[in-house]
Amino acid sequence: MANKLVIKVTAGADAPERCSQAFTVAAVAVASGVEVSLWLTGESTWFALPGRAADFSLPHAAPLPELISGILAGGTITVCSQCAARREIDEADLIEGARIAGAQVFVSEIMPDGVQALVY
């Protein structure tokens, strides 16, 4: 059975190092051939909107738009449905390749054997 990595990001520009670490780990995992599902929650939700990742800056960190491109090249990005609703974000607002889904989908992704879940 192939291994899968599910990463939930709970921070955005409010905690830039934690946010950047999550995106970096996800992009490196995809580049390493790991199946990756990145979940954006809380303030990280904003990075699923076009142009928002370009506003994020952290010294000595890879640019967020490049990390997102790397993740989408072989993985998925999902926005928490409640987080999207609280920010009045609809599926049509998202960058190409991102989706909105709820807790039941998250749970279904993390429960099978061979899945590692990380929360940042």
Side-chain angles (χ1 to χ4, degrees):
M1 172 178 278
N3 289 332
K4 181 176 181 177
L5 179 60
V6 179
I7 300 173
K8 181 183 274 192
V9 189
T10 63
D14 56 327
E17 287 183 310
R18 188 164 25 120
C19 177
S20 180
Q21 289 169 0
F23 280 90
T24 300
V25 168
V28 168
V30 168
S32 300
V34 176
E35 181 183 355
V36 174
S37 174
L38 181 69
W39 282 73
L40 307 181
T41 68
E43 288 301 298
S44 70
T45 300
W46 295 114
F47 297 130
L49 298 178
R52 294 301 279 274
D55 294 336
F56 180 86
S57 178
L58 181 64
H60 309 290
L64 207 52
E66 291 178 18
L67 295 173
I68 290 170
S69 291
I71 295 162
L72 288 173
T76 62
I77 294 179
T78 304
V79 174
C80 160
S81 59
Q82 290 183 13
C83 300
R86 281 189 282 274
R87 289 159 180 81
E88 299 181 356
I89 297 171
D90 294 318
E91 193 110 11
D93 299 322
L94 303 180
I95 57 174
E96 186 176 342
R99 66 177 180 162
I100 295 174
Q104 70 280 9
V105 176
F106 179 78
V107 171
S108 73
E109 285 191 14
I110 65 169
M111 292 309 297
D113 290 337
V115 176
Q116 175 68 51
L118 300 174
V119 178
Y120 284 88

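Please read these numbers as outputs of a predicted model, since none were measured by experiment. Values reported hereafter were calculated over all heavy atoms of this structure, with side chains retained and with hydrogens, waters and symmetry mates removed.
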If two hydrophobic side chains count as joined below 4.5 Å and joins carry through other members, does [X] share a cluster with [Y]?
X	Y	answer
I77	V115	no
W39	V36	no
V105	I7	no
F23	L58	yes
V6	L118	no

Between [X] and [Y], which heavy-atom pair has the shortest distance, and what is it?
X	Y	answer
V79	A48	CG2-CB, 3.4 Å
I110	A117	CG2-CB, 3.9 Å
P65	A53	CD-O, 3.7 Å
I100	S81	CG2-CA, 3.5 Å
E43	D14	CB-OD1, 3.5 Å
F56	F47	CD1-CZ, 3.5 Å

Would you give the length of the straight line joining atom [atom1] of [X] to atom [atom2] of [Y], rounded to the nearest 0.5 angstrom?
X	Y	atom1	atom2	value
I68	R52	CD1	CZ	11.5 Å
I95	L49	CD1	CG	8.5 Å
C80	I89	SG	CD1	10.5 Å
L72	L67	CG	CG	11.0 Å

Are the side chain of [X] and the backbone N or O of [Y] linked by a donor-acceptor pair below 3.5 Å?
X	Y	result
R87	G42	yes
S44	T41	yes
S20	P16	no

Exercise for the section: Determine, stepwise, if the pair V25 / V28 fulfils side chain to side chain contact (heavy atoms under 4.5 Å, CB included). Expected result: CA-CA 5 Å; V25 168; V28 168; 5.9 Å; no
Handout entry: Criterion side chain to side chain contact (heavy atoms under 4.5 Å, CB included) on T10 and R18, from CA distance to verdict
Key = CA-CA 9 Å; T10 63; R18 188 164 25 120; 3.0 Å; yes
Exercise for the section: Check whether any side-chain heavy atom of L40 lies under 4.5 Å from a side-chain heavy atom of W46, and answer yes or no. Expected result: no
Exercise for the section: Report yes if the side chains of F106 and T78 come closer than 4.5 Å at any heavy-atom pair, otherwise no. Expected result: no
Fill in the blank from the handout: Residue set satisfying salt bridge (Lys or Arg N to Asp or Glu O under 4.0 Å) with R99, at least two apart, ordered chain then number -> E109
Exercise for the section: Evaluate the criterion side chain to side chain contact (heavy atoms under 4.5 Å, CB included) for residue pair Y120 and T24; output intermediate values, then yes/no. Expected result: CA-CA 11 Å; Y120 284 88; T24 300; over 6 Å; no
Exercise for the section: Check whether more than 12 heavy atoms from other residues, nucleotides or ligands sit under 6.0 Å from atom CD of E91, and answer yes or no. Expected result: yes
